[in-house]
Amino acid sequence: MKNYKVAVLVGSLRKESYNLKLAKSLILLAPKSLELELIPIGALPFYNEDAEATPPESWTAFRKQLSQADAVLFLTPEYNRSVPAVLKNAIDVGSRPYGKSVWSGKPGGVISASIGGISGFGANHHLRQSLVFVNVPTMAQPEAYIGGVAELFDAKGKLINESTQGFLSKWLLAFEKWVATNAVA
Ligand code: FNR
């Protein structure tokens, strides 16, 4: 099977973010054909169309990194039942200038995680709403809502919950097929 570069975006800037820990676990669990790479989004200035005349270097670098990816994977917490601003900002930055969106046609996946039981459902689906508009064909099933996420790791940040490991491994195999089927040749 061909290899695919997957840009991984995490919607939390916390050093000890559970979503970041999940992203790092996914990197370890991923099948060989998926090359997962964390793309930082925390230093992107808020999107302002006026800045397109001389775009910040960080926007240009981010757009370049994304344009080189075959697929995108989002790990998101839920902030007040929606997508954290930092992740929405990254989507907005990547979507412009008009007609030059870096997202269009790249297959995507969404995993939400929360310390609570609703598991980031609201953020997961608000994110999907934006992904429809930027034309990221996003895997529908299996859905991935990781609840009680604070209980899943050891003190070093290693994913130790076997059922979650098993679920994420199966999810990754489905995502591998999704990417292979939908990636732009
Ligand atoms: C939260 N949290 C939260 N959790 C949830 O399940 N639904 C929610 O709407 C919210 N809202 C919310 C708003 C803000 C501003 C913060 C800081 C937090 C709790 C959230 O799930 C928890 O902080 C996670 O640990 C955040 O993910 P990371 O940073 O660990 O990846």
Side-chain angles (χ1 to χ4, degrees), residues 5-30 34-48 58 61-62 65-66 69 71-95 103 106-134 136 138-172 174-175:
K5 282 184 198 296
V6 182
V8 181
L9 275 64
V10 177
S12 170
L13 304 181
R14 289 195 320 123
K15 251 192 288 175
E16 294 298 324
S17 159
Y18 295 117
N19 282 276
L20 177 60
K21 288 175 183 167
L22 280 176
K24 290 179 174 170
S25 309
L26 288 161
I27 289 172
L28 297 176
L29 293 168
L34 297 182
E35 297 170 5
L36 272 54
E37 185 189 359
L38 280 166
I39 306 292
I41 59 173
L44 298 173
F46 276 133
Y47 188 71
N48 175 350
S58 60
F62 174 75
Q65 282 177 306
L66 260 296
V72 282
L73 170 54
F74 297 89
L75 279 292
T76 188
E78 177 172 273
Y79 278 8
N80 300 312
R81 293 281 181 263
S82 192
V83 181
V86 69
L87 185 51
K88 179 61 167 53
N89 185 52
I91 292 172
D92 296 341
V93 169
S95 70
W103 306 112
K106 287 190 202 304
V110 174
I111 297 175
S112 58
S114 164
I115 52 179
I118 301 177
S119 316
F121 174 87
N124 190 308
H125 284 260
H126 279 185
L127 179 55
R128 286 170 184 274
Q129 179 171 316
S130 293
L131 295 179
V132 168
F133 189 65
V134 297
V136 168
T138 305
M139 186 168 77
Q141 292 290 342
E143 297 162 278
Y145 310 104
I146 312 295
V149 72
E151 324 300 325
L152 306 180
F153 300 93
D154 70 11
K156 287 186 176 155
K158 182 169 183 268
L159 180 65
I160 47 169
N161 183 288
E162 284 180 17
S163 139
T164 307
Q165 278 172 6
F167 170 74
L168 291 177
S169 297
K170 280 194 193 143
W171 189 92
L172 280 162
F175 189 57

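Just follow the structure's listing: the first ligand is 1, and inside any ligand the first atom is 1. What you see is a predicted model; the values in this text were computed from it and never measured.
By the neighbour-count criterion of 12 heavy atoms within 6.0 Å, atom CD1 of Ile160 is densely surrounded, having more than that number from other residues, nucleotides or ligands. Counting non-hydrogen atoms of neighbouring residues, nucleotides and ligands closer than 6.0 angstrom, the NZ atom of Lys24 reaches no more than 12 such neighbours. Atom CD of Gln141 has more than 12 neighbouring heavy atoms from other residues, nucleotides or ligands inside a 6.0 Å radius. Within 6.0 Å of CZ on Phe133 lie no more than 12 heavy atoms contributed by other residues, nucleotides or ligands.
Considering backbone and side-chain atoms together, Tyr18 places an N or O closer than 3.5 Å to an N or O of ligand 1. Checking only distances, Asn80 does come within under 3.5 Å of ligand 1, N or O to N or O.
Numbered from 1 in the order shown, with element, the atoms of ligand 1 that lie under 4.0 Å from a heavy atom of Arg14 read 25 (O), 28 (P), 29 (O), 30 (O). Which parts of ligand 1 touch Arg81 is read off a 4.0 Å heavy-atom cut-off, strictly below it: atoms 7 (N), 8 (C), 9 (O). Residue-ligand proximity, Asn19 to ligand 1, at heavy-atom distances under 4.0 Å covers atoms 27 (O), 28 (P), 31 (O).
Protein heavy atom at the shortest distance from atom 1 (C) of ligand 1 is Glu78 O, 3.6 Å. At the top of the distance list for atom 23 (O) of ligand 1, counting protein heavy atoms only, stands Ile115 CD1, 4.5 Å. Given atom 14 (C) of ligand 1, the protein heavy atom at minimum distance is Tyr79 CD1, 3.7 Å. Scanning the protein for heavy atoms near atom 21 (O) of ligand 1, the closest one is Ser114 OG, 3.5 Å. The protein non-hydrogen atom at the shortest distance from atom 26 (C) of ligand 1 is Pro77 CB, 3.7 Å.
Not a single heavy atom of Gly116 sits closer than 4.0 Å to an atom of ligand 1. For Ile118, the closest heavy-atom approach to ligand 1 does not fall below 4.0 Å.
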Item checked: Evaluation steps, side chain to side chain contact (heavy atoms under 4.5 Å, CB included), between Leu131 and Phe74 -> CA-CA 10 Å; Leu131 295 179; Phe74 297 89; 3.7 Å; yes

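Using a 4.5 Å heavy-atom cutoff, the side chains of Val6 and Val72 are not in contact. Counting only heavy atoms from C-beta outward, the side chains of Phe153 and Ser25 approach each other to under 4.5 Å. Between Leu38 and Ile27, the closest side-chain pair of non-hydrogen atoms falls below 4.5 Å. The side-chain heavy atoms of Leu73 and Val110, taken from C-beta on, include no pair separated by under 4.5 Å.
Nearest residue to atom 29 (O) of ligand 1 from Gly147, Gly11, Ser12 is Ser12 (criterion: closest heavy atom).
Contact annotation for Ser17 and ligand 1: heavy atoms of both the backbone and the side chain come within less than 4.0 Å of the ligand.
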